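Notes to accompany the following structure.
Numbers for residues simply follow the sequence, beginning at 1. Small disclaimer: the values here were computed from a predicted structure and weren't measured. Any value given below was found using the heavy atoms of this structure, including those in side chains, with hydrogens, waters and symmetry copies removed.
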Amino acid sequence: MELTISLPDGDERLALVGAAERNLKIIRESLGVNLHARNGNLKISGDSAAVGRAVNVLEALGDAARRHRPVERQQLLDIIANSSRRSPTAAVVAAGAAGHGNLQHTPTNAQTADGSLDVYSRGRRVAAITEGQRHYLEAIQHHDMTFCIGPAGTGKTYLAVAAAAAMLKRGLVRKLVLVRPAVEAGEKLGFLPGDMQAKVNPYLRPLLDALHDMMDFEQIQRFMACDLIEVIPLAFMRGRTLNESLIILDEAQNTTKAQMMMFLTRLGHGSKMIITGDTTQIDLPDPRESGLIDAARRLRRVKGIAMVTLEQSDIVRHNLVQRIVEAYEPRKRPAPAPKDDDDGSQAES
């Protein structure tokens, strides 16, 4: 779908497009539309639903400009996040009637009609392969908090990141927060050179690897610069409240009980959390202190929280990975979790 609208003149135009077209850049990257301002006109093209949302955002910016109320970056991100809840504009309805494309409402979930996830990489769709993975994606869609426990290679992290990217693209959340505990896997690395980001980067690398399959490097850099994507160690989460965000905690088996409670209570309004881990790969000095095992026991009867367990049959890496997991399983079985508490309501998954 393609649409051309007229831009106002002078200060009003500057307030609408932003200094150095900052507002247009944020809209372009957030909604995945093409925006080109030239000769007093703004051309918008892309998916009809995304174009409709872009016009809604531009109308809000135009209204603020006419009222001489400058819009800060965070306010613009909020407008974009809420744009799917506004009615389609007359201009977009007219454009659809003129044959530029049928107007669609923005979907209320991250999955497309065929059950796949539409991420940012051009022409790429991510879909569940096994029945367990399909159950996992359905749990993410229908619950604000989802725990996923399973062995290596089952796609716990990959599908979580794919769902997050699809939700960001569709405007269902306004920010992605990818979190991982900085725990070494059985060896001490000692002093690491560089600034804080350089020191924690090796721990966060698996999350970034998954993200690079969803969007190109330059787009990730822009999203991180605009604070649409944040990749941080678990220790930096204390004291925060995250609204309208999708927050992923990876390698959750390496959190302590206190860390897990701290993380779970960061959940704000309009947000979702996905917690993934493998209870056979706990790197804590005392595996019984794992916050993931403790949370699975305490929260499995809490209404609104999904508990998903992936099995060896859900492994989708190289076929040798499944055989390796089977070979190690008898010797790597985790300590049994304490018996159930009597509190809590019926479990949901």
Side-chain angles (χ1 to χ4, degrees), residues 1 3 18 22-35 42 44-64 71-89 91-93 95-96 101-113 116-122 124-126 137 140-144 160-178 211 214-215 219-220 222-230 242-248 267-274:
M1 179 179 180
L3 182 67
R22 180 204 64 174
N23 293 346
L24 299 186
K25 292 176 183 176
I26 294 175
I27 297 170
R28 184 184 300 121
E29 296 298 338
S30 299
L31 299 180
V33 295
N34 295 314
L35 294 172
L42 179 63
I44 314 169
S45 61
D47 176 79
S48 57
V51 170
R53 293 186 60 200
V55 173
N56 285 335
V57 174
L58 290 166
E59 283 191 340
L61 288 173
D63 183 62
V71 175
E72 301 297 330
R73 184 182 63 84
Q74 187 57 57
Q75 292 174 302
L76 176 56
L77 292 174
D78 291 340
I79 292 171
I80 292 171
N82 293 324
S83 61
S84 61
R85 303 169 192 168
R86 302 181 61 187
S87 299
T89 63
V92 177
V93 172
N102 296 323
L103 185 68
Q104 305 172 17
H105 293 293
T106 302
T108 57
N109 62 70
Q111 291 178 277
T112 60
S116 63
L117 298 167
D118 184 15
V119 297
Y120 284 87
S121 293
R122 192 176 300 276
R124 179 176 177 79
R125 294 283 179 89
V126 177
L137 291 182
I140 293 172
Q141 176 181 331
H142 296 296
H143 296 80
D144 287 341
V161 174
M167 291 182 70
L168 183 64
K169 184 175 182 180
R170 293 193 169 205
L172 302 177
V173 294
R174 62 178 175 84
K175 182 174 181 175
L176 304 186
V177 183
L178 310 179
L211 198 57
M214 314 301 162
M215 57 185 71
Q219 191 169 38
I220 293 173
R222 289 194 295 269
F223 276 23
M224 293 178 77
C226 292
D227 203 30
L228 293 175
I229 294 177
E230 187 177 2
L242 297 167
N243 298 316
E244 294 183 348
S245 304
L246 196 147
I247 311 113
I248 298 174
L267 185 67
H269 296 293
S271 291
K272 283 180 178 282
M273 274 187 173
I274 306 172

Compare all side-chain heavy atoms of Gln141 with those of Met167 and state whether any distance is below 4.5 angstrom.
no
Side-chain contact test, heavy atoms from C-beta onward, threshold under 4.5 Å: evaluate it for Met224 versus Ile220 and give yes or no.
yes
Flag, side chain of Ser271 to backbone of Glu244, donor-acceptor distance under 3.5 Å:
yes
Provide the closest heavy-atom pair for Met215 versus Phe223 in the form atom of the first, atom of the second, distance.
SD-CD2, 4.1 Å
Has Lys272 got a side-chain atom pairing as donor or acceptor with Ala164's backbone, closer than 3.5 angstrom?
no
Identify the two heavy atoms, one from Ser30 and one from Leu228, that lie closest to each other, and give their separation to 0.1 Å.
OG-CD1, 3.5 Å
Arg53 side chain to Ile80 main-chain N or O, any donor-acceptor pair under 3.5 Å?
yes
Could you check whether any side-chain heavy atom of Leu117 comes within less than 4.5 Å of a side-chain heavy atom of Met214, counting everything from C-beta outward?
no
Taking every heavy atom of Ser45 against every heavy atom of Val51, the minimum-distance pair comes out as C-CG2, 3.8 Å
CD on Gln75 to CG on Leu61, rounded to 0.5 Å:
10.0 Å
Just jot down the side-chain contact (heavy atoms from CB on, under 4.5 Å) partners of Lys169, sequence neighbours excluded, or say none.
Asp118, Tyr120
Could you list the residues that satisfy side-chain hydrogen bond (donor to acceptor under 3.5 Å, both in side chains) with Arg28, not counting sequence neighbours?
none
Looking at every non-hydrogen atom in both residues, tell me the closest pair between Gly268 and Asn243 and how far apart they are.
CA-OD1, 3.2 Å
Can you name the side-chain contact (heavy atoms from CB on, under 4.5 Å) partners of Glu230, sequence neighbours left out?
Lys175, Val177, Asp227, Ile232, Arg240
For Val119 versus Ala166, what's the shortest heavy-atom pair and its separation?
CG1-N, 4.5 Å
Got a second to check how far Ile140's CD1 is from Ile248's CD1, nearest 0.5 Å?
7.5 Å
Apply side chain to side chain contact (heavy atoms under 4.5 Å, CB included) to residues Leu246 and Leu168 and explain how you reach the verdict.
CA-CA 8 Å; Leu246 196 147; Leu168 183 64; over 6 Å; no
In Å, rounded to the nearest 0.5 Å, how long is the span from CG of Leu137 to NE2 of His142?
10.5 Å
To the nearest 0.5 Å, what is the distance between CD1 (Ile274) and NE2 (His143)?
12.5 Å
Ile27 side chain near Leu58 side chain, heavy-atom distance below 4.5 Å:
yes
Can you check side chain to side chain contact (heavy atoms under 4.5 Å, CB included) on Leu76 and Val57, steps first, answer last?
CA-CA 8 Å; Leu76 176 56; Val57 174; 3.8 Å; yes
Of all heavy-atom pairs linking Val71 and Ala64, the shortest is CG2-CB, 3.6 Å
